[in-house]
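These values consider heavy atoms only, across backbone and side chains, with no hydrogens, waters or symmetry-generated copies. Counting begins at 1 with the first residue of the sequence.
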Amino acid sequence: MNFNVNYFLSVFPQILPYLPVTLFITIISIMFAIIFGLAIALLRSNKIIIIDSFFALFISLFRGIPSVVLLFIIYYGLPQIFPVLKQMGATTAAIICFSLKYSSYLAEIFRASLKSVDQGQKEAGITVGLSKIQVYRGIILPQAMVNALPNAGNMFISLLKDSSVAFFVGVQELLASGKMLTANSFLYFETYLAVGIDYWLTVVAYSWIQKQLERKLNVPYHR
């Protein structure tokens with residue numbers, strides 16, 4: 001086996017400049033996904049049949065469509081129906097794709113976390129004169145978010161890795177950088193191994209940060 005060690009080591013400084021693009025897509029997408037997912041979970045908690053059925057369909061649809069297919073629908077398909085979207089950039093399309101897809105996962109995580117909070121606390125808050133909004137904002141949501149942290153963190157890791165499909169619509173992120181390097185070197189193993197290690201080290205770093213946060217908040221172990 002011919003493994004070019006020098007080339008392998010030289011790949012890392014060449015692909016690192018593309019890591020911020022991957023992180024940008026991941027962080028912005030997860031922020032929107034958290035907002036959408038939490039809103040869906042709160043709306044479904046009211047148990048209104050029409051609303052619950054609509055979002056149940058939304059969750060089923062976006063969880064069922066592969067990320068790359070959804071990305072193609074948004075980037076290539078929607079502009080055919082809505083011409084105004086022809087100016088949409090590839091990065092924007094990727095963020096929309098991942099925000100929608102991962103909000104469907106987070107909605108279920110948040111819904112389970114809301115249910116995990118003792119409903120007696122909600123009743124007690126209303127009994128002492130708090131409004132429903134105050135009860136959720138001050139009592140229910142803080143506990144639910146702590147309970148949701150481990151699984152929500154796992155979604156961040158999944159999204160970080162899933163962001164590589166943005167390469168298929170021309171986003172210059174980590175995987176794209178590896179593809180460009182192999183076009184010149186033809187050293188596929190060394191290049192993609194370096195890309196894979198870069199993803200892995202990023203996940204390790206994030207996992208350490210999440211673990212410290214969980215420990216600080218005394219998060220129950222859910223994994």
Side-chain angles (χ1 to χ4, degrees), residues 10-41 58 62-63 65-79 82 84-110 145 148-184 191-214:
S10 73
V11 169
F12 289 97
Q14 295 182 72
I15 64 176
L16 276 179
Y18 296 88
L19 179 59
V21 178
T22 294
L23 292 176
F24 173 78
I25 293 173
T26 303
I27 292 171
I28 298 300
S29 297
I30 202 67
M31 288 174 60
F32 281 119
I34 288 172
I35 294 170
F36 296 155
L38 182 57
I40 291 170
F58 171 91
F62 284 100
R63 289 177 68 172
I65 299 177
S67 296
V68 66
V69 176
L70 180 59
L71 182 57
F72 284 170
I73 291 172
I74 293 171
Y75 188 62
Y76 295 116
L78 288 184
F82 306 103
V84 69
L85 296 179
K86 288 182 178 180
Q87 303 302 317
M88 177 172 56
T91 301
T92 301
I95 290 173
I96 293 172
C97 167
F98 298 131
S99 298
L100 291 173
K101 186 170 182 65
Y102 280 84
S103 67
S104 66
Y105 290 106
L106 287 168
E108 292 296 272
I109 291 173
F110 292 149
M145 291 301 98
L149 180 59
N151 289 327
N154 289 337
M155 286 296 100
F156 180 87
I157 292 173
S158 296
L159 175 51
L160 175 66
K161 294 180 289 184
D162 212 12
S163 67
S164 61
V165 305
F167 154 75
F168 290 104
V169 292
V171 177
Q172 300 297 304
E173 42 70 67
L174 277 178
L175 182 59
S177 68
K179 181 66 175 177
M180 289 187 291
L181 289 174
T182 58
N184 295 319
T191 302
Y192 288 123
L193 179 60
V195 172
I197 290 174
D198 210 349
Y199 276 109
W200 172 62
L201 291 176
T202 305
V203 169
V204 168
Y206 171 76
S207 297
W208 182 84
I209 294 171
Q210 180 182 326
K211 190 173 293 184
Q212 302 310 307
L213 181 59
E214 290 177 4

What I'd like to find out is whether the side chain of [X] reaches to under 4.5 Å of the side chain of [Y], using heavy atoms alone.
{"X": "Y18", "Y": "M180", "result": "yes"}
{"X": "V21", "Y": "Q172", "result": "no"}
{"X": "V169", "Y": "V171", "result": "yes"}
{"X": "K179", "Y": "T191", "result": "no"}
{"X": "Q14", "Y": "S10", "result": "yes"}
{"X": "F98", "Y": "T26", "result": "no"}
{"X": "S164", "Y": "Y199", "result": "yes"}

[atom1]/[X] to [atom2]/[Y] distance, rounded to the nearest 0.5 angstrom?
{"X": "K161", "Y": "T202", "atom1": "NZ", "atom2": "OG1", "value": "12.0 Å"}
{"X": "I35", "Y": "I40", "atom1": "CD1", "atom2": "CD1", "value": "12.0 Å"}
{"X": "S207", "Y": "N154", "atom1": "OG", "atom2": "CG", "value": "8.0 Å"}
{"X": "L174", "Y": "Y192", "atom1": "CG", "atom2": "OH", "value": "12.0 Å"}
{"X": "F32", "Y": "L100", "atom1": "CZ", "atom2": "CG", "value": "11.0 Å"}
{"X": "S158", "Y": "K101", "atom1": "OG", "atom2": "NZ", "value": "10.5 Å"}

Note to self: Working note: Y206 + L160, criterion side-chain contact (heavy atoms from CB on, under 4.5 Å); need CA distance, chi angles, decisive distance, verdict.
What the structure shows: CA-CA 10 Å; Y206 171 76; L160 175 66; 5.7 Å; no

Is there a donor-acceptor pair under 3.5 Å between the side chain of [X] and the backbone N or O of [Y]?
{"X": "E173", "Y": "A176", "result": "yes"}
{"X": "T92", "Y": "M88", "result": "no"}
{"X": "K86", "Y": "P79", "result": "no"}

Check: Is the F62 ring parallel, tilted or perpendicular to the F58 ring (thresholds 30°, 60°)?
Finding: tilted

Notebook entry, point to check: Do other residues, nucleotides or ligands put more than 12 heavy atoms under 6.0 Å from the OH atom of Y76?
Noted result: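 Counting other residues, nucleotides and ligands, OH of Y76 exceeds 12 neighbours.
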
Note to self: Does atom CD (Q87) have a neighbourhood of more than 12 heavy atoms from anything else shown, all under 6.0 Å?
What the structure shows: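 It does not: Q87 CD has 12 such atoms or fewer within range.
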
Check: Checking side-chain contact (heavy atoms from CB on, under 4.5 Å) for the pair I30/L106: CA distance, chi angles, key distance, verdict?
Finding: CA-CA 9 Å; I30 202 67; L106 287 168; 4.1 Å; yes

Item checked: Check against side chain to side chain donor-acceptor pair (under 3.5 Å), N151 and Y105 -> CA-CA 10 Å; N151 289 327; Y105 290 106; over 6 Å; no

Closest heavy-atom pair and its distance - [X], [Y]:
{"X": "P150", "Y": "Q210", "answer": "O-NE2, 3.4 Å"}
{"X": "A194", "Y": "I15", "answer": "O-CD1, 3.9 Å"}
{"X": "L71", "Y": "C97", "answer": "N-SG, 3.8 Å"}
{"X": "S29", "Y": "I95", "answer": "OG-CA, 3.4 Å"}

Next item on the list: Please assess I25 against T91 for the test side-chain contact (heavy atoms from CB on, under 4.5 Å), listing each intermediate value before the final yes or no.
Entry: CA-CA 7 Å; I25 293 173; T91 301; 4.1 Å; yes

Note to self: Assess the residue pair L85 and Y75 against the criterion (side-chain contact (heavy atoms from CB on, under 4.5 Å)); give the C-alpha distance rounded to whole Å, side-chain angles, the decisive distance to 0.1 Å, and a yes or no.
What the structure shows: CA-CA 9 Å; L85 296 179; Y75 188 62; over 6 Å; no

